[in-house]
Amino acid sequence: MTTHTADTTVDTAQELAVFLRTRRERLDPRDLGLPPRRQARRTPGLRREEVAELAGVSVDYVVRLEQGRGLRPSADVVEALARALRLAPVERAYLFDLAQQRPRTADQPATTAPPPLARLVADLSPLPAMLTNHRYDILAWNHEMTRLLLDFGTLPPSRRNAMWLCLMHPETRELYADRERVVREGVAHLRAAWAAHPEDRVLTDLIAEFITRDEEFARLWAEREIKVNGRGRKVLRHPEAGAIAVDFETLVPLEDPDQRLLIFRAADEESQSALDRLCAR
């Protein structure tokens, strides 16, 4: 296994610099209707002066942002840069987080489930359901989810983390048929959470552990993908029930916006039958 080193602090200025540069370099000037330049382009994507022109800021300002000099652009400038770089909604939110221009909550991340949400998770039976915080810490779950994934109650609280289980737990590592996609989506979620919660040292230490111990996570983290899927389908290769396809939905409680309610439903009749047999045992 390759060993990686990781800084456990969130340097938002440097991440902002790298993010702006990578997004600038992926754009094709022709797609933006920019006139061709006489001088050949030595690097892919837009030039800094083209980004500055599209965003209505000075070239020097763009240069200093991309050099990570600790500038904190205003909300208006962030919005202008997002438009100039044609950022997707999740990328725009990520940029606002890096620039520290999105309102933050002062509350600490929840480490236990609020009683009303814990009851809701239980009441969602027979649908498998669980509650997590932004770190992917698993706060509550029902019987169906333990039969489908793992009995989280047998784990120490520090290991009740969905991403840690996917990366490090021997049984869970082999559970997903399309494991790379599941890990990629998890990495994207953690990167967005990392930018939104730079003060969360538990989260940054967790990410540092993943980068150091898991080569796949380190590779995907370096790609800076931040698209978060709150809905989709997963195929599980369950050791007792065989293949089970589930559709998942992720909901955010208004009273507890740091938490995520994850609900699974069988995607077809065969999967429903397998799930029924599994939960009846």
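Residue numbers count from 1 along this sequence.
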Q: Restricting to pairs with a member in residues 205-240, which pass ring-ring contact (aromatic ring centres under 6.0 Å, His included), not counting sequence neighbours?
A: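 Applying ring-ring contact (aromatic ring centres under 6.0 Å, His included) to every pair that reaches into residues 205-240, excluding sequence neighbours, yields Trp194-Trp221, Phe210-Phe217, Phe217-Trp221.
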
Q: Under the rule for side-chain hydrogen bond (donor to acceptor under 3.5 Å, both in side chains), what residues qualify as partners of Glu174, not counting sequence neighbours?
A: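 Testing Glu174 for side-chain hydrogen bond (donor to acceptor under 3.5 Å, both in side chains), a comparison that skips the adjacent residues, returns none.
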
Q: For the backbone of Val187 and the side chain of Glu225, can you confirm whether one donor and one acceptor N or O come within less than 3.5 Å of each other?
A: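 No; zero donor-acceptor contacts below 3.5 Å.
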
Q: Who are the side-chain hydrogen bond (donor to acceptor under 3.5 Å, both in side chains) partners of Glu25, not counting sequence neighbours?
A: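 side-chain hydrogen bond (donor to acceptor under 3.5 Å, both in side chains) list for Glu25, sorted by chain: empty.
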
Q: Between Arg160 and Leu165, is the side-chain contact (heavy atoms from CB on, under 4.5 Å) condition met? List the steps.
A: CA-CA 8 Å; Arg160 293 174 194 164; Leu165 292 171; over 6 Å; no

Q: Among residues at least two apart in sequence or on other chains, which ones pass side-chain hydrogen bond (donor to acceptor under 3.5 Å, both in side chains) with Asp123?
A: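 side-chain hydrogen bond (donor to acceptor under 3.5 Å, both in side chains) list for Asp123, sorted by chain: empty.
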
Q: Please test Gln272 against Asp268 for side chain to side chain donor-acceptor pair (under 3.5 Å), starting from the C-alpha separation and ending with a verdict.
A: CA-CA 6 Å; Gln272 184 65 63; Asp268 50 53; over 6 Å; no

Q: Test of understanding: with salt bridge (charged side-chain N to carboxylate O under 4.0 Å, His left out), list the residues that count as partners of Arg159, not counting sequence neighbours.
A: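 Residues passing salt bridge (charged side-chain N to carboxylate O under 4.0 Å, His left out) with Arg159: Glu209.
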
Q: Among residues at least two apart in sequence or on other chains, which ones pass salt bridge (charged side-chain N to carboxylate O under 4.0 Å, His left out) with Arg119?
A: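 In terms of salt bridge (charged side-chain N to carboxylate O under 4.0 Å, His left out), with neighbours along the sequence ignored, Arg119 is linked to no residue.
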
Q: Does the Thr22 side chain pair with the main chain of Val18, one donor and one acceptor, at a distance under 3.5 Å?
A: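 Flag set: sc Thr22 to bb Val18 pair under 3.5 Å.
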
Q: Side chains of residues 54-64: which donor-acceptor pairs under 3.5 Å do they make with residues two or more places apart or in other chains?
A:
{"residue": "Ser58", "atom": "OG", "partner": "Tyr61", "partner atom": "N", "Å": "3.0"}
{"residue": "Asp60", "atom": "OD2", "partner": "Arg64", "partner atom": "NE", "Å": "3.0"}

Q: Check the side chains of Asn133 and Gln259 for a donor-acceptor pair under 3.5 angstrom, ignoring hydrogens and angles.
A: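 There is no such pair (donor and acceptor under 3.5 Å, judged by atom type) between the side chains of Gln259 and Asn133.
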
Q: With distance as the sole criterion, is a donor-acceptor pair present between the side chains of Arg224 and Tyr94 under 3.5 Å?
A: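 No.
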
Q: Under the rule for salt bridge (charged side-chain N to carboxylate O under 4.0 Å, His left out), what residues qualify as partners of Glu255, not counting sequence neighbours?
A: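 In terms of salt bridge (charged side-chain N to carboxylate O under 4.0 Å, His left out), with neighbours along the sequence ignored, Glu255 is linked to no residue.
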
Q: I'd like to know if Asp200 pairs up with Arg135 as an ion pair, taking the criterion as any Lys NZ or Arg NE/NH1/NH2 lying under 4.0 Å from an Asp or Glu carboxylate oxygen.
A: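 Result for this pair is yes, salt bridge flagged.
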
Q: Mind checking side-chain hydrogen bond (donor to acceptor under 3.5 Å, both in side chains) for Arg233 and listing every partner two or more places apart, or none if nothing turns up?
A: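 Result, side-chain hydrogen bond (donor to acceptor under 3.5 Å, both in side chains) vs Arg233: Asp247.
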
Q: Flag the pair Glu79 and Arg92 as a salt bridge only when some basic side-chain nitrogen lies within less than 4.0 angstrom of an acidic carboxylate oxygen.
A: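 Yes, charged N to carboxylate O under 4.0 Å.
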
Q: Please enumerate all residues that pass ring-ring contact (aromatic ring centres under 6.0 Å, His included) together with Phe264, with sequence neighbours excluded.
A: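 For Phe264 there are no ring-ring contact (aromatic ring centres under 6.0 Å, His included) partners, ignoring immediate neighbours.
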
Q: Please list all pairs meeting salt bridge (charged side-chain N to carboxylate O under 4.0 Å, His left out) that have one or both residues in residues 140-155, counting only residues at least two apart or in different chains.
A: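 Checked against salt bridge (charged side-chain N to carboxylate O under 4.0 Å, His left out) - neighbours excluded - the pairs reaching residues 140-155 are Arg147-Glu240.
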
Q: Arg72: what forms a salt bridge (charged side-chain N to carboxylate O under 4.0 Å, His left out) with it, not counting sequence neighbours?
A: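 So Arg72 forms no salt bridge (charged side-chain N to carboxylate O under 4.0 Å, His left out) with any residue.
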
